[in-house]
Visitor: 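Quick one: structure below, then a few questions.
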Protein chains: 2
Amino acid sequence: MSRKLYTSKYPIFAVAVDLVVLTIRDGVFSVLLVRRGGDTHAGEWALPGGFVGEQEDLIEAAYRELEEETGVGGERVHLEQLATYGHPDRDPRQRVVSVAHVAVGSGMTEDLVGGSDAVDARWWSVGEALAADLAFDHHEILRDGVERARSRIEYTDLALSFCEERFTLPELQRVYEAIWGRELDTRNFVRKVTRTRDFVRETGEEQRGGRGRPAKVYVAGGATSLVPPMTRD
Amino acid sequence: MSRKLYTSKYPIFAVAVDLVVLTIRDGVFSVLLVRRGGDTHAGEWALPGGFVGEQEDLIEAAYRELEEETGVGGERVHLEQLATYGHPDRDPRQRVVSVAHVAVGSGMTEDLVGGSDAVDARWWSVGEALAADLAFDHHEILRDGVERARSRIEYTDLALSFCEERFTLPELQRVYEAIWGRELDTRNFVRKVTRTRDFVRETGEEQRGGRGRPAKVYVAGGATSLVPPMTRD
DNA sequence: AAAATAGTGTCTCTGAGACATTATTGA
DNA sequence: TCAATAATGTCTCAGAGACACTATTTT
């Protein structure tokens, strides 16, 4: 990509979107990182992301980058803005402001594609990723994104975005346990998710094929908040 | 301000900070709006704000704009990032991304100064401001900022930022009542603010001068979260 | 003394957390 | 039949919400 000339009355910035892409893989709370190619921070692990286009809305840019990096479209993925990071020295190339987003989904674990700037992409456990050195200020963004997810599942339906469309309550419980890193009492858990009207809806089906008693299959019931909230102490 | 030439490998943006400046004036939950001068949306009411400088951090720019508009320094003002608004058409001049912030303080009601782009500045009740037509997408930003404050006072110490350094519990209760637009039961209120250790601390002083029994004077105790939270239903 | 405002305690009901057994399936 | 997993109910304690009177000051 070559440089272009621009005029502006005000200081100019490049605007990027960076993505904290979260999922549960084999029961492990996981985040997608890419190894950077190109020039800046080459070889280091970073959050996927890229620059916002001339006529692109921020959330559109985030969806585009998500699809470029994971091959996953927007249907079954929850995407929300996290925060914006704009320290003057955060990118050595030029002044860059990054609007970070959190993406949550399931079934993204298969078709990873290297994006334009990425030479490699890989799922990390969130614990490992938080302990690693990441490019730019991505450690901070990751930390904030993980905390966002951990708090959002308390009182919203975000946990359902970690599940497939059809799921069982034990699966949903394992989502909470993976994200919070602690075990929940099954009876209290079921009481709470079934207390909020329209949070989950029974389908009448059962999920066979496991080793024990079949679990009932549920779908999201449409409620977007969980009241009273799940508690994580 | 004249145009300058810049080069960039990526699409360029101007980055602004806009401020939802909230306070309680005479018991009324209020927000600061400015009437725009200059060219764009001239004469319309808007949130105070301005462009981020070449070497300026986002939060620094927000503090600078706040001081320019209100004459209030950062000591007794709480300032936090709200969200970033970047629709391609949100500013007709050029592509502008606005990083909105919420500012909360007390005693800002006196020394209003018109900022660079503002010909006039005035406190509005939040209700009136929400019902008004504002420039750009500032109605959306205002709505989000107000909702942020309304939810933050549930479980953080944000309500204390609406008070002077020394305050009474009836004053603090009126903060909650003004922001939520509903009355709270005094006995339940006092029970909750005094239950959280180090949320408020008695000074031993009394506030005389009112018409009735003097109220005890408190200061913030240092706790940043309120557990269990205040409830607003 | 009258008016204004601050300060205080109890009861009931809902929800949180702790806890163990039965039910149903595949191997 | 055994191993694995899912499903289910009760008790106790903490906190929420409703509720009214006394205390202290100024005028």
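Heavy atoms only: backbone and side chains are in, while hydrogens, waters and symmetry mates are out. Chain identifiers are assigned alphabetically (A, B, ...) following the order of the sequence lines, protein sequences preceding nucleic acid strands; residue numbering begins at 1 within each chain.
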Visitor: For a 4.5 angstrom cut-off between non-hydrogen side-chain atoms, does A:Ile153 reach A:Trp180?
Guide: yes
Visitor: For the pair made of NZ in B:Lys192 and C1' in D:dG17, what is the distance, rounded to whole Å?
Guide: 10 Å
Visitor: What's the OH-P distance between A:Tyr176 and C:dG17, to the nearest Å?
Guide: 13 Å
Visitor: Take atom CD of B:Glu202 as the centre, draw a 6.0 Å sphere, and report whether it contains more than 12 heavy atoms from other residues, nucleotides or ligands.
Guide: yes
Visitor: How long is the line joining CG of A:Asn188 and P of D:dC13, in whole Å?
Guide: 16 Å
Visitor: What is the distance from CG of A:Asp185 to P of D:dT8, rounded to the nearest Å?
Guide: 14 Å
Visitor: Is there side-chain contact between B:His101 and B:Ile59, with heavy atoms separated by less than 4.5 Å?
Guide: yes
Visitor: Taking the minimum atom-to-atom distance to the side chain of A:Arg195, which one of D:dG17, C:dA16, C:dG17 wins?
Guide: C:dA16
Visitor: If we fit an axis to the first five pairs and another to the last five of the helix from C:dA1-D:dT27 to C:dA27-D:dT1, what angle do they make, to the nearest 10°?
Guide: 0°
Visitor: Distance alone, cut at 3.5 Å: any donor-acceptor contact between the side chains of A:Tyr85 and A:Asp144?
Guide: yes
Visitor: Which class fits the ring pair A:Phe189 and A:Tyr176: parallel under 30°, tilted 30 to 60°, perpendicular over 60°?
Guide: perpendicular
Visitor: Do B:Arg25's NZ or CZ and the ring of B:Trp124 fall within the cation-pi criteria of under 6.0 Å and 45°?
Guide: no
Visitor: Can you measure A:Arg191 atom CZ to C:dA18 atom P for me and round it to whole angstrom units?
Guide: 11 Å
Visitor: Without decimals, in angstroms, what is the distance between B:Arg182 CZ and D:dG17 P?
Guide: 7 Å
Visitor: In terms of heavy-atom contacts, does CZ of B:Arg182 have more than 12 from other residues, nucleotides or ligands at under 6.0 Å?
Guide: yes
Visitor: Of all the nucleotides listed (C:dG9, D:dG15, C:dG15), which has the minimum atom distance to the side chain of B:Arg187?
Guide: C:dG9
Visitor: Report, one pair per line, the protein and nucleotides 2-7 of chain C atoms (nitrogen or oxygen only) whose separation is under 3.5 Å.
Guide:
| unit_1 | atom_1 | unit_2 | atom_2 | d |
| --- | --- | --- | --- | --- |
| C:dT5 | OP1 | B:Arg211 | NH2 | 3.4 |
| C:dT5 | O2 | B:Arg213 | N | 3.3 |
| C:dA6 | O4' | B:Arg213 | O | 3.4 |
| C:dG7 | OP1 | B:Lys216 | N | 2.7 |

Visitor: Mind calculating the distance between CD (B:Glu154) and P (D:dG15) to the nearest angstrom?
Guide: 18 Å
Visitor: Please state how far atom CG in B:Leu226 lies from atom P in D:dA16, giving the value in whole angstrom units.
Guide: 10 Å
Visitor: Is a donor from one side chain sitting under 3.5 angstrom from an acceptor on the other, for A:Thr224 and A:Asp157?
Guide: no
Visitor: So does A:Glu205 pair up with A:Arg166, basic N to acidic O under 4.0 Å?
Guide: yes
